[in-house]
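To start, the structure itself, in structure tokens.
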Protein chains: 2
Amino acid sequence: MLKRSDRKSGHVTLSDVARACQLSVSTVSIVLSQAPLSLRLAQATRERIHATARRLGYHPDAYARSLRNRSTRTIGVLAYDMSDPFCVPVVRGIEQDLQLIDYFSLLVDAQTERKLFDSSLRMILERRAEGVIVIASWIFEEANLLADIKKNRVPIVIVGRDLTERRIPSFLVDNQAGGAMAINHLLALDHRHIAVIRGPDDLFDSQPRWAGIQQAATQAGVPLDPRLVVSLPNRVDPTSGFDGGLQLARQMISSAPGFTAVLAFDDLTALGVVRGLKEEGLRVPEDCSVIGFDDILPAAVCTPGLTTIRQPLHDMGSLATQHLLHLLQQPNREYPSALKPHMLAPELVVRSSSAPPHVKQRARSAPTPRNSPTRSARWATPTQR
Amino acid sequence: MLKRSDRKSGHVTLSDVARACQLSVSTVSIVLSQAPLSLRLAQATRERIHATARRLGYHPDAYARSLRNRSTRTIGVLAYDMSDPFCVPVVRGIEQDLQLIDYFSLLVDAQTERKLFDSSLRMILERRAEGVIVIASWIFEEANLLADIKKNRVPIVIVGRDLTERRIPSFLVDNQAGGAMAINHLLALDHRHIAVIRGPDDLFDSQPRWAGIQQAATQAGVPLDPRLVVSLPNRVDPTSGFDGGLQLARQMISSAPGFTAVLAFDDLTALGVVRGLKEEGLRVPEDCSVIGFDDILPAAVCTPGLTTIRQPLHDMGSLATQHLLHLLQQPNREYPSALKPHMLAPELVVRSSSAPPHVKQRARSAPTPRNSPTRSARWATPTQR
DNA sequence: TTACACTATTCAAACGTTTCAAGTCCAGAA
DNA sequence: TTCTGGACTTGAAACGTTTGAATAGTGTAA
């Protein structure tokens, strides 16, 4: 048995194994890395090496190996905030794809902090990721490290906003279509007095989503009442949408009552609205319908279940990954000149927070059909592809 | 300007910078790594090197650097499932502590898959993490890679369950105290017919939590009605607790009605129960109180807000990290013989899903006091330490 | 002139791998 | 005995860094 003091670092290395086997480092390496040459080695030797490696608890040093092989099999994933439920399924989509080809995802959480964003990108560069996926509905203007990424010829893609004007392949939901979908759902239920809570100015999604809403409303011949349109303040953290929705609901009830539905910018805002309405004694959906956007976990598990527009988050992650891997194949990596954003179709998920207006019901006995397929489809099978 | 074809790999290296500066690699290294020797260099040279490095977009190769320095400044974090809202604050607690001392957290998500657990641990070992933090309320018996971790003398700590009998420092909530807290809250509200949903057998938390509940009930002279005690089935994914709670609520209403409160194993189960009760026309909390455990995001943003027992998840992550860093300091790393688990105190968070029984109210006008400090304290300021 | 002390820079070895080219050994053929 | 060739094994260089020791150059004092 090898004495611990023989080793210089704490880890078991190839030469530890070699010494224990009385063989050279080369031989051991050839066997343990399954190199073609290992077929020429005596069966007995191979077995002896494997056994010794197992006994000592040898694991190859990924650093040394990557250095030598000049490949890290690593993709950097920069999430703007992992405590935003939005990020989680995207990351899952990415990781599941990478696993299949034995790539490793280096996940870094920028925690919605501007300066962490830069240092995270630096980490990713220093760890020699072969490509980068940025998840950022948040703004991150002039992150100058992006230039360094290009200088080092590391391909990059972005999920959650459109940065094609900077020549970065972008994967996002079709916000405009989603906005239209949301308002059309309410219109189809016969709502005519719809309050809309627009997103904050510093979020990319806000503008196109609002455009979709407005356009669909106009097209349907039911223009929106300007007194019923309000905006969320710029947010300080991913969950501040809840408080925003809560405040705005209180405000609107007193300043401009009479609406029968609220179209909220996202799910957390919608949940804040629900809380605000209930506080004022209004029932959802009997007295007022509420619709959100995103379809994060809380939307599925609250009661009444929140009707919402689902973003195909898992697919967004997966498609971005596929595209990045494709870019990695290109021998001569060129940043393309003209680029169209990849817009994924949103999906209306009808739960129990929306209903026709003015339906005077008593406590509904079964608002959700049992085993409704849309009840919590995504969350019931998080391993789906 | 350096021609791209001069470089062998895609990345800019020290020798690229050196060539561009007409200096040796050593000189450039000394300057860029702020080595003490750099003070002896001409000011002009230093500036020239820095400028060139910036121009070329040079970033040091963490792999080569770690290899040479024999230190990776990396802590492996193995989360059993990042889509469980339980993990997110723990990870945040870890990362914030590591950032302060410029350590990097290598986050790996085992996605509740047994075989991923092993391969994740292997990844962490191969990437030469200097320590490992495992987040696992889930069982992971005889993960034999744990032995390899010890052979390589990598310190390890665990969050979310007690593995002190295997000599692994453990950080978890005091489940027994938490269980007692939950039932005492309901008893204090005067509930005498309390249904209890126990956790699944394969979760570590289930047993001690149940022990705390039972003991407190007995102590209060209100023994539990065995017909009102049920168990969740073993879970397939982190969100299956919701469906479990939903099913069990339906079941109990028909088989053993008459309870005025439900104490659920965790928040998702509690939310499932709320859904089930509402479906049957029961109001929460007027007709039946519900209390959960964990205090994850959905508990705070649903309406009525869920009364629950908060686990100090952020602190659990933080304390585990501090302890691990402490272990790293020990020159001669010994796995201690006897170990006590670090039990963190849970905290009762009263929201609106619990109330005295049989209070026949109409739709309550303001169940939540505005700006109640406990309303969503954690989630309103996720950056708190 | 030689020795000395600076300053400014470079050499070379090492970290743990992988891999090609080159070794050693031994049996059997010439 | 020497040669051939196959079976098995190893030496050495390289990946991009860091760093202690060494070097070249330049002026100053003995």
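In the text below, chain A, chain B and the rest are named by the order of the sequence lines, each starting its count at 1.
Separating the CZ atom of A/Arg40 from the C1' atom of D/dG6 is a distance of 10 Å, rounded to the nearest angstrom. Going from atom CZ of B/Arg65 over to atom P of D/dT17 covers 8 Å, rounded to whole Å. Here the P atom of nucleotide C/dT17 and the CD atom of A/Gln34 are 15 Å apart, to the nearest Å. Remark: P of D/dT9 and CD of A/Gln43 are 12 Å apart, rounded to the nearest angstrom. Rounded to whole Å, the distance from CD1 on B/Ile30 to C1' on C/dA12 is 13 Å. Across the protein-nucleic acid pair, A/Leu37 atom CG and C/dA22 atom C1' stand 12 Å apart, rounded to whole Å. To the nearest angstrom, C1' of D/dG16 lies 14 Å from CG of A/Asn152. Taking atom CG on A/Leu39 and atom C1' on D/dG6, their separation rounds to 16 Å, with Å as the unit.
You'll find a donor-acceptor pair under 3.5 Å spanning the side chain of A/Arg68 and the base of D/dA14, going by distance alone.
OP1 or OP2 of D/dT9 has at least one side-chain nitrogen or oxygen of A/Thr45 nearer than 4.0 Å. Between D/dT17 and B/Ser29, no contact under 4.0 Å exists linking OP1 or OP2 to a side-chain N or O. Taking 4.0 angstrom as the limit, B/Tyr58 places a side-chain polar atom (N or O) nearer than this to OP1 or OP2 of D/dT17. Contact between the side-chain N/O atoms of B/Arg128 and the OP1/OP2 oxygens of C/dT17 is found at a separation under 4.0 Å.
Side-chain proximity of A/Ala42 to C/dT19, D/dC8, D/dG20: nearest is D/dC8. When the nucleotides C/dA8, C/dC20, D/dG11 are ranked by their closest atom to the side chain of A/Ser26, D/dG11 comes out on top. Nearest to the side-chain atoms of B/Ser24 among the listed nucleotides D/dT17, C/dT17, C/dT10 stands C/dT10. You'll find that the side chain of B/Asn69 is closest to D/dT18, out of C/dG16, D/dT18, D/dT10.
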Give the C-alpha distance, both sets of side-chain angles, the deciding distance and a yes or no for side-chain contact (heavy atoms from CB on, under 4.5 Å) between A/Val157 and A/Leu327. CA-CA 10 Å; A/Val157 303; A/Leu327 289 180; 4.3 Å; yes
Step-by-step side-chain contact (heavy atoms from CB on, under 4.5 Å) determination, A/Ile149 to A/Ile124: CA-CA 10 Å; A/Ile149 287 199; A/Ile124 287 174; 5.9 Å; no
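B/Ser26 and B/Ser29 share no donor-acceptor pair across their side chains, judged by distance under 3.5 Å alone.
Base engagement by A/Thr27 is indicated by at least one non-hydrogen atom pair under 4.0 Å involving a base atom.
Taking the six-membered ring for Trp and the full ring otherwise, B/His342 and B/His323 have centroids separated by under 6.0 Å.
Judged by closest nucleotide on DNA chain C, B/Leu67 is the one of B/Leu67 and A/Pro36 placed further toward the 5' end.
Remark: A/Asp148 does not engage B/Arg54 in a salt bridge, criterion side-chain N to carboxylate O under 4.0 Å.
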